[in-house]
**Student:** 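Before anything else, here's the structure in question.
Lettering follows sequence order; numbering is per chain, from 1.
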Number of protein chains: 2
Amino acid sequence: MNLLEQIYDRLDSLNKSERKVANVIIGDPATATRLSIASLAQAASVSEPTVNRFCRNFEAKGYPDFKIQLAQSLAGGTPYVSRSVEQDDSTEEYTDKIFTSTIAALDIARKGVNAGLISKAVDYLIQAKQISFLGLGASGPVATDAQHKFFRFNLPVAAYEDVLMMRMVAAAAHTGDVFVVISYTGRTRELVDVARIARENGATVIGISAENSPLAKECTVLLAAPTPEDTDIYMPMTSRIVQLTLLDVLATGVTLRRGVDFHQHLKKIKESLKATRYPSE
Amino acid sequence: MNLLEQIYDRLDSLNKSERKVANVIIGDPATATRLSIASLAQAASVSEPTVNRFCRNFEAKGYPDFKIQLAQSLAGGTPYVSRSVEQDDSTEEYTDKIFTSTIAALDIARKGVNAGLISKAVDYLIQAKQISFLGLGASGPVATDAQHKFFRFNLPVAAYEDVLMMRMVAAAAHTGDVFVVISYTGRTRELVDVARIARENGATVIGISAENSPLAKECTVLLAAPTPEDTDIYMPMTSRIVQLTLLDVLATGVTLRRGVDFHQHLKKIKESLKATRYPSE
DNA sequence: AATATTATGTTGTTATATTACGTATTTTTA
DNA sequence: TAAAAATACGTAATATAACAACATAATATT
């Protein structure tokens, strides 16, 4: 709960003078952040120490600290907390909730990412003779997207959304091949099988999936997409975006490691696309 | 643009001492808000007036005012500022940058979304006899993903990544059909053509694309994915995530509008998938 | 009604920020 | 390349703001 909410919350339990202070702040928090303690005291018709005591009541070190917290609680207005959509939400509400939840999921993932594992995964990808992205169902497009991305970065890639193809490719895998297996739950039988086959043939398996899942056990490197609390209907949406972002990170890592020559390649690709486009005005 | 972004933006145009100050602030903006001018000056190895001048450079009345603004730009404590990846970034650094940029892009999009247009788009989707998602290249997987999502919500959907198929479907379009056309630039010739054909046949075209683009002109409703400043190599990544999130919003809107019956449907789908999975422990 | 307790204000001190000015550095011009 | 101008930066003095300690007033308790 942010500072401003706390003030509202505790309005009743404040004594006379402090309530005066609270009311001035609530009345116009934005300008309150610009006032000196003297001005605020005057505006509330109380003494300066009263304002100071008021601030300390709210876990602030003093008046300046209080103002900083107040400013922060004013910022943006919306704290990034995953809130689930309700049946009677307005368009504004559910739009905001979806964006906010997605941001919250990314933020959690950001904090939970293991840079060591990313680095390890990049090591494998760089040395790969062939990279295959595997994903079924909702993870299918994620795999295809990864293919596009890595292709742009001039790497030998393929994506498969078809179980039979996956099996065939896994069966024909060699040491040096890398399979990136994408699965939200990590429990899709077929994918777990394919991962095992690939591994048995000496390939490296990078999993983008849930921790402690059957798939996780088959992976050389597992990048866990930390899954937030509620697993309701809307979850797969945000988890998929986390997966995509993890793949962005991997692609970036590979690119950086490969050095400068890729810029040339990228230029070529961009050129090749120009013909298909209307020119910019 | 918030204060922190401004600082990033003007880093180059600052002189030596001021850049020192900027770097300290950027390095840890959160604690910077708690420092006195003396401490900050010391941390940056400059004099206090230099810090003061620095603050005034950024349209602040003085140091305290600057801190307030900084605090506000720090919503929730984490600075979500799009920073581009540098060649010599460590794994931690580029990982964080990618996540942060993605979040920043979503945040910008969140603020820029027009709820009225979302609502309008949802209206069309709900009444649609048939919904087709069209995307080429990097937007292809986005279209396919949308198909998956909307299918789960029991809507008559298809996705096309193939130009010829698109043309055929557009040519056979009827009033009541809805085409969702996804394009980052909005300048892909083929897509623009297809959109026009679909419109001419009475279909509704919902664009998820850039404003003022050729594609935008062919759309019944345009959901602009506001594109942040720099269009360098990494941009398409984040823009695609904004597109996906917009589609999440649309899917959610449709679901909410359709009421309760869809829960039944969702349950059925979940059941059907169970057989393919290893059970949860 | 007397006492204890809490609330609030006054004063002086300390911390903090800012101004004014001077020196050093860089840039420009001859 | 030297001289002049402009800009950058720091020192020291000053003004402002915040706080602590104490005193007084108000309220609650017995």
Side-chain angles (χ1 to χ4, degrees), chain A residues 3-4 6-7 9-74, chain B residues 3-4 6-7 9-74:
Chain A
L3 182 55
L4 202 56
Q6 280 184 50
I7 297 176
D9 212 50
R10 287 174 48 187
L11 254 184
D12 304 324
S13 64
L14 294 174
N15 48 41
K16 242 186 300 171
S17 314
E18 294 187 329
R19 193 163 321 150
K20 283 192 221 166
V21 177
N23 282 324
V24 172
I25 294 172
I26 287 172
D28 189 351
T31 61
T33 58
R34 308 302 172 93
L35 295 175
S36 72
I37 191 168
S39 319
L40 181 56
Q42 196 179 6
S45 329
V46 298
S47 70
E48 298 182 24
T50 299
V51 175
N52 192 269
R53 279 186 284 262
F54 175 86
C55 297
R56 293 204 217 275
N57 275 343
F58 288 91
E59 280 101 54
K61 261 183 60 193
Y63 182 70
D65 186 50
F66 177 87
K67 282 205 300 187
I68 295 289
Q69 285 186 236
L70 184 63
Q72 270 179 344
S73 76
L74 243 59
Chain B
L3 182 54
L4 202 56
Q6 280 184 50
I7 297 178
D9 211 50
R10 287 176 46 187
L11 254 183
D12 303 322
S13 66
L14 294 174
N15 49 38
K16 240 186 299 171
S17 316
E18 294 187 328
R19 194 164 318 154
K20 283 193 219 164
V21 178
N23 281 323
V24 171
I25 293 170
I26 288 170
D28 190 350
T31 62
T33 58
R34 308 304 171 91
L35 295 176
S36 72
I37 192 168
S39 320
L40 181 57
Q42 195 180 2
S45 328
V46 299
S47 69
E48 299 181 23
T50 298
V51 175
N52 194 273
R53 279 187 285 261
F54 175 87
C55 298
R56 293 204 216 273
N57 275 343
F58 287 90
E59 281 102 50
K61 259 184 62 190
Y63 183 70
D65 186 50
F66 178 87
K67 283 207 297 188
I68 295 288
Q69 285 188 238
L70 184 62
Q72 272 178 345
S73 76
L74 237 62

**Student:** On a heavy-atom basis, which atom in A:Cys55 and which in A:Gly62 lie closest, and how many Å separate them?
**Tutor:**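 Distance-wise, the nearest heavy atoms are CB-O, 3.9 Å.
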**Student:** For A:Gln69, enumerate each residue passing the side-chain hydrogen bond (donor to acceptor under 3.5 Å, both in side chains) test, keeping only those at least two apart in sequence or located in another chain.
**Tutor:** none
**Student:** If a pair satisfies ring-ring contact (aromatic ring centres under 6.0 Å, His included) and one of its residues is in residues 29-55 of chain B, list it, with sequence neighbours excluded.
**Tutor:**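 Passing the test, one end in residues 29-55 of chain B: B:Phe54-B:Phe58, B:Phe54-B:Phe66.
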**Student:** Please identify each residue that fulfils side-chain hydrogen bond (donor to acceptor under 3.5 Å, both in side chains) with B:Asp28, with sequence neighbours left out.
**Tutor:**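 B:Asp28: side-chain hydrogen bond (donor to acceptor under 3.5 Å, both in side chains) contacts with B:Thr31.
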**Student:** Tell me every residue that passes side-chain hydrogen bond (donor to acceptor under 3.5 Å, both in side chains) with B:Arg56, counting only those two or more places apart in sequence or in another chain.
**Tutor:**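 If we apply the side-chain hydrogen bond (donor to acceptor under 3.5 Å, both in side chains) test to B:Arg56, skipping adjacent residues, the hits are B:Asn52.
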**Student:** Assign a letter to each nucleotide of nucleotides 9-21 of chain C from its 5' end: B, base within under 4.0 Å of a protein heavy atom; S, sugar-phosphate only; -, no contact.
**Tutor:** BB------SBB--
**Student:** Based on the rotation axes of five pairs at each end, what angle does the helix from C:dA1-D:dT30 to C:dA30-D:dT1 bend through, to 10°?
**Tutor:** 30°
**Student:** To the nearest 0.5 Å, what is the distance between CG on B:Leu70 and CD1 on B:Ile25?
**Tutor:**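 Reported to 0.5 Å precision, the distance equals 6.5 Å.
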**Student:** Could you pull out the protein-nucleic contacts involving nucleotides 23-25 of chain C (nitrogen or oxygen on both sides, under 3.5 Å)?
**Tutor:**
none

**Student:** In whole angstroms, how far is the P atom of C:dT6 from the CG atom of A:Asn57?
**Tutor:** 14 Å
**Student:** Can you pull the salt bridge (charged side-chain N to carboxylate O under 4.0 Å, His left out) pairs that have at least one residue in residues 60-74 of chain B, sequence neighbours excluded?
**Tutor:**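 Only A:Arg34-B:Asp65 qualify under salt bridge (charged side-chain N to carboxylate O under 4.0 Å, His left out).
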**Student:** Can you give the donor-acceptor pairs under 3.5 Å from side chains of residues 37-50 of chain B to other protein atoms, not counting sequence neighbours?
**Tutor:**
residue : atom : partner : partner atom : Å
B:Ser39 : OG   : B:Ser36 : OG           : 2.8
B:Ser47 : OG   : B:Thr50 : OG1          : 3.1

